[in-house]
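Written out below as structure tokens is the structure these notes cover.
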Protein chains: 2
Amino acid sequence: MTKESTSRTRKPKRGQTREALMSAALELVVKKAPFSALSLREVTKKAGVVPTAFYRHFPDMSALGLTLLDESFRTLRQMMRQVRQQELPNERMLRGSVETYFTYVRNNRAHFLFVSKELASGTPTMRNAIRREIRMFTNELAMDMARFPFLNHINAEDLQMMAGLVVNNVTALTQEMLELEEIDETGQQEVLITAEKQLRLIYFGVGMWRSDKSHS
Amino acid sequence: MTKESTSRTRKPKRGQTREALMSAALELVVKKAPFSALSLREVTKKAGVVPTAFYRHFPDMSALGLTLLDESFRTLRQMMRQVRQQELPNERMLRGSVETYFTYVRNNRAHFLFVSKELASGTPTMRNAIRREIRMFTNELAMDMARFPFLNHINAEDLQMMAGLVVNNVTALTQEMLELEEIDETGQQEVLITAEKQLRLIYFGVGMWRSDKSHS
DNA sequence: GAATAATGCGTACAACTGTTCACTTATAGG
DNA sequence: CCTATAAGTGAACAGTTGTACGCATTATTC
């Protein structure tokens with residue numbers, strides 16, 4: 001991870017305090033409270049630094065939050081890319097995607113937890129940023145689906161609706177997963193199985209869908 | 001604004017301060033921050049009462065939170081009852097249920113918002129209470145489905161999975177709805193339409209489901 | 001109407017908050 | 001090696017917080 005230390009420093013405190021602050025905050029969010037409940041002093045204490053040092057790296061707490069959010073998004077997009085570069089939806093690859101996704105969730109528990117909490121309880125700025133990101137995912141999923149011959153009898157609006165259905169459900173399952181203890185292997189396995197079944201069921205529903213159906 | 005006499009006046013409040021505290025807190029949660037970020041003094045100020053008066057009604061803030069949660073649950077259960085006493089799922093009554101539900105959401109915006117925020121960012125006690133409640137809803141829905149001849153070829157586990165799918169999505173849509181301004185009539189209408197379509201799609205998927213399907 | 005319980009008020013205090021400022025120290029570039 | 005800059009320190013500030021205490025007022029019950 002750290003690749004910018006280019007000098008022989010006995011006490012390598014170069015750009016490292018900034019990261020210490022970020023991971024301290026992340027840790028506190030995970031094991032304590034929503035980000036908005038963190039105090040600047042609390043974070044600096046956990047980072048092993050005096051309160052005023054904070055200002056050398058961030059103008060205020062909300063800037064830290066935004067940076068943290070950005071970092072989380074990088075994780076999310078990376079995951080998204082990996083899931084998408086598998087083949088397009090069919091019953092067989094469903095399991096693979098689900099596993100890839102939830103492996104990511106488990107390996108980046110802190111980031112997902114942070115985003116999940118902020119989505120519900122963050123400042124409007126944060127909430128909007130997250131929702132925009134989720135909407136982007138949904139759009140990309142809808143576009144992927146559009147490229148699938150199997151689905152080209154479905155209009156754009158309905159594809160969006162279907163993508164939304166998938167994303168909603170995956171989001172909910174992610175939160176469910178995050179509630180489990182990290183150790184609870186069997187619980188996580190259950191969520192995974194449920195996820196796969198639910199997505200398969202959606203897949204069936206999509207197969208039955210007719211966009212020209214009257215709905216008024 | 002406040003025209004109360006300056007110093008030693010007592011306002012004729014009977015059991016009414018307690019409620020003032022509760023609705024003050026609820027209001028603050030709605031328009032400001034997660035409950036955990038509220039301060040006792042803030043709440044009492046908004047309720048038009050001196051800080052120490054708080055202790056005449058609650059031992060501390062978290063007790064207020066629990067009470068608020070309880071109140072919200074009463075709303076939720078009442079809604080659930082009303083939705084359930086309609087006929088069982090078929091394509092025709094879907095719209096009715098969806099409308100009943102979201103009307104409730106709109107009419108009890110504050111409570112739903114409170115629960116929604118606490119679900120993600122509340123204390124473990126709160127989160128667990130809410131999740132238990134949601135699980136109860138899911139179970140009841142699964143039981144309702146089980147009584148439906150149309151579905152009696154589906155085993156209990158899969159019924160649970162399906163009920164979970166519905167609840168997950170309704171939950172997500174509820175949060176989406178709560179993000180909209182109260183005035184945004186067209187936005188709310190859109191969510192409603194999407195909700196109906198998504199549930200119909202699930203309905204189709206359920207129709208295709210075979211519990212004996214191999215899934216490994 | 002007097003007694004008792006319930007409720008609200010004001011003061012007080014210690015703990016914690018964010019932020020300022022002047023200061024020391026470490027590091028990088030010349 | 002010297003120096004300019006970046007990064008960390010400590011003291012101090014004004015606000016806010018939760019809560020304890022005693023007193024004042026009201027509501028209720030006899």
Side-chain angles (χ1 to χ4, degrees), chain A residues 2-25 27-29 31-68 121-123 125-126, chain B residues 2-25 27-29 31-68 121-123 125-126:
Chain A
T2 60
K3 61 176 179 185
E4 49 178 286
S5 46
T6 55
S7 65
R8 62 259 181 243
T9 65
R10 340 178 287 173
K11 202 157 191 220
K13 277 205 169 183
R14 273 240 292 109
Q16 165 185 24
T17 296
R18 186 186 154 99
E19 301 216 346
L21 288 170
M22 287 174 57
S23 62
E27 221 174 303
L28 285 172
V29 168
K31 84 169 61 163
K32 231 201 79 177
F35 181 79
S36 62
L38 299 190
S39 77
L40 182 150
R41 289 179 110 104
E42 204 177 3
V43 172
T44 56
K45 191 193 296 184
K46 178 131 206 162
V49 139
V50 96
T52 52
F54 183 93
Y55 297 101
R56 302 292 184 194
H57 304 278
F58 303 97
D60 56 20
M61 278 294 287
S62 90
L64 210 201
L66 269 277
T67 307
L68 233 33
S121 71
T123 64
T125 307
M126 283 227 180
Chain B
T2 56
K3 57 155 195 152
E4 45 212 68
S5 332
T6 46
S7 50
R8 313 239 177 116
T9 335
R10 192 97 358 181
K11 299 151 230 168
K13 303 181 171 181
R14 275 237 310 285
Q16 159 184 28
T17 294
R18 187 184 153 101
E19 302 217 344
L21 288 170
M22 287 175 57
S23 63
E27 219 174 306
L28 285 171
V29 168
K31 83 167 63 166
K32 230 201 81 178
F35 181 79
S36 63
L38 299 190
S39 77
L40 183 149
R41 290 179 108 105
E42 204 176 1
V43 172
T44 56
K45 190 192 296 184
K46 178 132 204 160
V49 139
V50 98
T52 51
F54 184 94
Y55 297 101
R56 302 294 183 189
H57 303 278
F58 303 98
D60 55 19
M61 277 294 286
S62 90
L64 209 200
L66 268 279
T67 307
L68 234 33
S121 71
T123 65
T125 307
M126 284 226 179

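So you know, we letter chains A, B, ... as the sequences are listed, proteins then strands, and number each from 1.
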- Query: Starting at CD of B:Q16 and ending at P of D:dT26, how long is that distance when rounded to a whole Å?
  - Reply: 15 Å
- For DNA chain D, which residues in residues 37-46 of chain B have a heavy atom at a distance below 4.0 Å? B:S39, B:L40, B:R41
- A:F58 atom CZ is separated from C:dG18 atom P, nearest whole Å, by 15 Å
- Query: Looking at residues at least two apart in the chain, or sitting in another chain, which of them share a salt bridge (charged side-chain N to carboxylate O under 4.0 Å, His left out) with B:K46?
  - Reply: B:E27
- Message: If you define the side chain from C-beta out and look only at heavy atoms, does anything of B:R41 sit under 4.5 Å from B:F54?
- Response: no
- Task: Output yes when at least one side-chain N/O atom of A:Y55 is less than 4.0 Å from OP1 or OP2 of C:dT19, else no.
- Result: yes
- Look at the side chain of A:T52 and the base of D:dG8, then say whether one donor and one acceptor between them are separated by less than 3.5 Å. no
- Query: Roughly how far, to the nearest 0.5 Å, is OG of A:S39 from CE of A:M61?
  - Reply: 7.0 Å
- Task: Please determine if a side-chain N or O atom of A:H57 lies less than 4.0 Å away from the OP1 or OP2 oxygen of D:dG8.
- Result: yes
- Rounded to whole angstroms, how far apart are CD on A:E19 and C1' on D:dG8? 17 Å
- Task: Tell me which nucleotide among D:dT9, C:dT7, D:dA20 gets nearest to the side chain of B:R56.
- Result: C:dT7
- Item | Any residue meeting side-chain contact (heavy atoms from CB on, under 4.5 Å) with B:A25, in chain and number order, not counting sequence neighbours | B:F35, B:L38, B:V43, B:L64, B:L68
- Query: Does the side chain of A:T44 come within less than 4.5 Å of A:L21's, by heavy atoms?
  - Reply: yes
- Do the non-hydrogen side-chain atoms of B:F58 and B:L40 ever get within less than 4.5 Å of each other? no
- Query: Rounded to the Å, how far apart are B:F54 CZ and D:dT17 P?
  - Reply: 13 Å
